[in-house]
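Indexing begins at 1, ligand by ligand and atom by atom, following the structure's order.
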Amino acid sequence: MAMRHDIQRDTWKQQVGSAAATRVENGMIVGLGTGSTAHQFIYALGRRIQDGLRIAGAVASSQDSKDLAISVGISVSDLDTYTELDLYVDGADEVDPQLRLIKGAGGALLREKIVASATRHFIVIADSSKQVARLGTGFPVPVEVVPFGAALVRKRLEALGAAIQIRMLGDTVFVTENSNIIFDCTFAGGIAHPEELDAHLHNIVGVVETGLFLNFAQEAIIAGPDGVKTLSR
Ligand code: 5RP
């Protein structure tokens, strides 16, 4: 049963990846997200490029996505080459009705947010299991933290009501591509006021970035049992 569900979810990921790829036009500079859903977009974009689409350039939000993009024929530059993107497509861990997001289960939240902040239009793609009425009910909020003095940051996060798990990779502490660590923060009952919480989190010295993407996605493409739908903010 679980396997059938996984196959179904994979199909939904492919559907949203392909739908987002149809939105790419000749001459665009495109941001490539991270994670299994964003990878479906990268595959679909690669197919469109093989069929003759000519984008002006692409920027990836992680090494993983960069490697995949190159392997499917997308030429990838860094954000210092293109400081303004036309379109960014990425997945999410949670999407609320106002298209506020939790991202970062893959650990790429800082680069994802930098790329998202450089883009004119951000389409979040997800299967319907990612839709929530309130953020923080299914996934923790990842908070990327400088390792120096991390115990102090941890105390301050706990004072905001967070139950914290340090992100691990097997037996060792996970280190981001920016040489930081991640505290996964759970708030009992979810997050009632995401903007307020995000402001408090950013006020803690040592916090580099949070996985709350509150004013970023303009559009969502969601696939589920009812088909593929597009939501706008
Ligand atoms: C990585 C992310 C991913 O986009 C998010 O975790 C969703 O991943 P997936 O599509 O594999 O469920 O934010 O940092």
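- Atoms of ligand 1 lying under 4.0 Å from at least one heavy atom of Ala108, given by number and element, are 14 (O).
- For Arg9, no nitrogen or oxygen atom sits less than 3.5 Å from a nitrogen or oxygen atom of ligand 1, counting backbone and side chain alike.
- For CZ of Arg156, the number of neighbouring non-hydrogen atoms (other residues, nucleotides, ligands) closer than 6.0 Å is 12 at most.
- Of the protein's heavy atoms, Thr37 OG1, 2.5 Å lies nearest to atom 10 (O) of ligand 1.
- Polar contact with ligand 1: absent for Gly35 (N/O pair, distance under 3.5 Å).
- Judged purely by distance below 3.5 Å, without hydrogens or angles, the side chains of Asp64 and Ser62 never pair a donor atom with an acceptor atom.
- Atoms of ligand 1 found under 4.0 Å from any heavy atom of Gly104 (numbered from 1 in listed order, with element): 2 (C), 13 (O), 14 (O).
- Neither side chain, Gln14 nor Asp10, offers a donor N or O lying under 3.5 Å from an acceptor on the other.
- The protein non-hydrogen atom at the shortest distance from atom 12 (O) of ligand 1 is Lys130 NZ, 2.7 Å.
- Counting heavy atoms under 4.0 Å from ligand 1, residue Ala92 touches it through the backbone alone.
- When only interatomic distances are considered, the shortest N/O to N/O separation between Thr34 and ligand 1 falls below 3.5 Å.
- Dense packing is recorded around CD of Glu158, with more than 12 heavy atoms of other residues, nucleotides or ligands lying under 6.0 Å away.
- Atoms of ligand 1 found under 4.0 Å from any heavy atom of Gly106, numbered from 1 in the order shown, are 1 (C), 6 (O), 14 (O).
- At under 3.5 Å, not a single nitrogen or oxygen of Ala38, backbone or side chain, sits near a nitrogen or oxygen of ligand 1.
- The minimum heavy-atom distance between Arg167 and Ala105, with the atom names listed, is NH1-O, 2.9 Å.
- Listed by number with element, the atoms of ligand 1 under 4.0 angstrom from any heavy atom of Asp90 are 4 (O).
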Next item on the list: Report the C-alpha distance between Thr176 and Glu144 in whole Å, list the side-chain angles of each, state the deciding distance to 0.1 Å, and finish with yes or no for side chain to side chain donor-acceptor pair (under 3.5 Å).
Entry: CA-CA 8 Å; Thr176 70; Glu144 183 159 344; 2.9 Å; yes

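- Contact atoms of ligand 1 toward Gly91: 4 (O) (distance under 4.0 Å to a heavy atom of the residue).
- Lys113 and Glu209 are joined by a salt bridge, as a carboxylate oxygen and a charged side-chain nitrogen come within less than 4.0 angstrom of each other.
- In this structure, a donor-acceptor pair under 3.5 Å is absent between the side chains of Asp184 and Gln165.
- With hydrogens left out, the protein atom closest to atom 2 (C) of ligand 1 is Glu112 OE2, 3.3 Å, a heavy atom.
- Between Tyr88 and Phe122, the two ring planes are tilted [angle within 30° to 60°].
- In Phe187, the CZ atom is crowded: over 12 heavy atoms of neighbouring residues, nucleotides or ligands sit closer than 6.0 Å.
- Among protein heavy atoms, the minimum distance from atom 6 (O) of ligand 1 is reached at Asp93 OD1, 2.5 Å.
- Among all protein heavy atoms, the one lying closest to atom 9 (P) of ligand 1 is Ser36 OG, 3.3 Å.
- With respect to Asp93 and Lys103, no salt bridge is recorded, no charged nitrogen being found less than 4.0 Å from a carboxylate O.
- Contact annotation: Gly33 has no heavy atom less than 4.0 Å from any atom of ligand 1.
- Under a 4.0 Å criterion applied to the non-hydrogen atoms of Gly107, ligand 1 contributes the atoms 14 (O).
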